[in-house]
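Report on the following structure.
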Amino acid sequence: MSAVIRLEGVTVERDGIAILQNLSWTVCTGEHWVLFGPNGAGKTTLLQLLNGYLWPTCGTVEVLGRRLGQVDVRELRRSIALVSDALAGLLNRDLTGLEIIVTGARAHLNLFEPLTTAEVLHARDLAHRIHAGDLLEKPFSIMSTGERQRILIARALMARPGLIILDEPCAGLDLARREELLRTVSAAAHSGTAKAVIFTTHHVEEIAKVFSHALLLSAGTAVAAGPIGHVLTSANLTRAFGLPVNLIRRHGRLYAHASI
Ligand SMILES: Nc1ncnc2c1ncn2[C@@H]1O[C@H](COP(=O)(O)OP(=O)(O)OP(=O)(O)O)[C@@H](O)[C@H]1O
Ligand SMILES: [Mg+2]
């Protein structure tokens, strides 16, 4: 199977401090990964590396078969859909859900040309398939956090990316909205549009069944990486968070109990 992401011996230093240290990681086609770890573990830094917004101090980074340093990162970024809070803040908030989705196909943050019939049909179909069809007419400015995330995922798929990256999409969501969003994330992963989906979180409860693998980071170092069942264990989480964690698995989902 071909690698979607391949990192070899990657270290990122900032102000003389290593915020990622000697990280090697391979994501193969068809694998959906959770990037898991405490605050400050280096998750967002790793995502910035994958998008070419940041360079490793040493080591190599390969994304979708292209090595950073040897490709035009702006071109590479067109194949990577990054869904983050920062993106939500850059889009024109006066646009409707439908219009926001279409901007994804054009790699723009605003709408400069009227929608074409083909774009409207594609965006509508896509939104319905990933459970965001209720948001097509709603202005982005009045959407709740969860609604905004669902539209941003639809927007991401519109560009037919090779890789989808979701940075803490469940942050700020209540239980029902979280489950709604996870349904959208799962549908996006199942759609087969992207070769892999990467999802960051600090809560095991946010890990949908569609995720097969996990990379557990703590203080810039990989504690474990591989199939979720081997990586997300009470012992590994206890190590990563530095306090006793008891993990419970029910119906394919995880729940954590921690005590100080
Ligand atoms: N530009 C920078 N200069 C110096 N240190 C930085 C810089 N950016 C991030 N860091 C540090 O690197 C560490 C990792 O940050 P990062 O944002 O990658 O963590 P994270 O795992 O995404 O955390 P969270 O779960 O809180 O989002 C933190 O200690 C952070 O302060
Ligand atoms: Mg982060």
Side-chain angles (χ1 to χ4, degrees), residues 5-25 27 32-61 63 68-69 73 77 80-90 145-146 148-149 152-153 156 163-174 177-178 181-182 185 196-208 211 213-226 228 231-233 236-243 245 247 254-258 260:
I5 297 170
R6 196 190 299 280
L7 267 65
E8 303 271 3
V10 166
T11 293
V12 174
E13 282 180 9
R14 282 291 177 94
D15 305 329
I17 296 167
I19 52 182
L20 286 178
Q21 205 160 10
N22 196 20
L23 185 65
S24 295
W25 179 40
V27 171
H32 301 310
W33 282 71
V34 177
L35 200 48
F36 195 81
N39 287 124
K43 303 181 295 295
T44 299
T45 303
L46 177 50
L47 300 188
Q48 286 176 334
L49 261 182
L50 300 179
N51 281 278
Y53 289 116
L54 215 147
W55 293 89
T57 311
C58 60
T60 57
V61 178
V63 182
L68 288 191
V73 283
R77 279 185 209 135
I80 304 173
L82 173 65
V83 176
S84 68
D85 271 351
L87 169 67
L90 294 173
T145 311
R148 220 165 268 167
Q149 294 289 24
L152 290 181
I153 292 171
L163 175 64
I164 298 178
I165 296 177
L166 307 162
D167 194 7
E168 286 192 55
C170 296
L173 302 190
D174 70 30
R177 299 294 93 72
R178 179 187 83 191
L181 182 71
L182 293 180
V185 170
V197 177
I198 313 291
F199 173 98
T200 76
T201 180
H202 347 77
H203 302 293
V204 290
E205 293 79 2
E206 294 177 355
I207 302 175
F211 291 96
H213 291 70
L215 168 61
L216 177 57
L217 278 181
S218 179
T221 307
V223 175
I228 281 188
V231 173
L232 300 181
T233 62
N236 283 345
L237 263 62
T238 297
R239 231 175 105 195
F241 285 86
L243 83 176
V245 179
L247 267 191
L254 290 166
Y255 303 88
H257 180 262
I260 293 185

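For ligands, and for the atoms within them, numbers begin at 1 and follow the listed sequence. Side chains are part of it too, since the values below use all heavy atoms of this structure and drop only hydrogens, waters and symmetry mates.
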Original post:
Under 2.8 Å from the Mg ion (ligand 2), which protein atoms of type N, O or S occur, listed by chain and number?
Top reply: T44 OG1
Original post:
Going by atom types alone, do T57 and E13 pair a side-chain donor with an acceptor below 3.5 Å?
Top reply: no
Original post:
Counting distance only, does the side-chain N/O of H213 pair as donor-acceptor with the main-chain N or O of W33 below 3.5 Å?
Top reply: no
**OP:** Go through the structure and list residues passing salt bridge (Lys or Arg N to Asp or Glu O under 4.0 Å) with R77, not counting sequence neighbours.
**Re:** none
**OP:** Kindly indicate whether the side chain of L166, heavy atoms from C-beta on, has any atom under 4.5 Å from the side chain of T201.
**Re:** no
**OP:** Give a yes or no answer on whether the side chain of K43 reaches the backbone of G37 with a donor-acceptor pair at less than 3.5 Å.
**Re:** yes
Original post:
Which residues pass the side chain to side chain contact (heavy atoms under 4.5 Å, CB included) test with A214, sequence neighbours left out?
Top reply: V34, I228, V231, L232
Original post:
Is a donor on one side and an acceptor on the other found under 3.5 Å between the side chain of T200 and the backbone of D167?
Top reply: no
Original post:
Considering only heavy atoms from C-beta outward, does the side chain of L20 approach that of L46 to under 4.5 Å?
Top reply: yes
**OP:** Take atom CG of D85 as the centre, draw a 6.0 Å sphere, and report whether it contains more than 12 heavy atoms from other residues, nucleotides or ligands.
**Re:** no
Original post:
So which residues, sorted by chain and number, lie with a heavy atom under 4.0 Å of ligand 1?
Top reply: R14, D15, I19, P38, N39, G40, A41, G42, K43, T44, T45, E168, H202
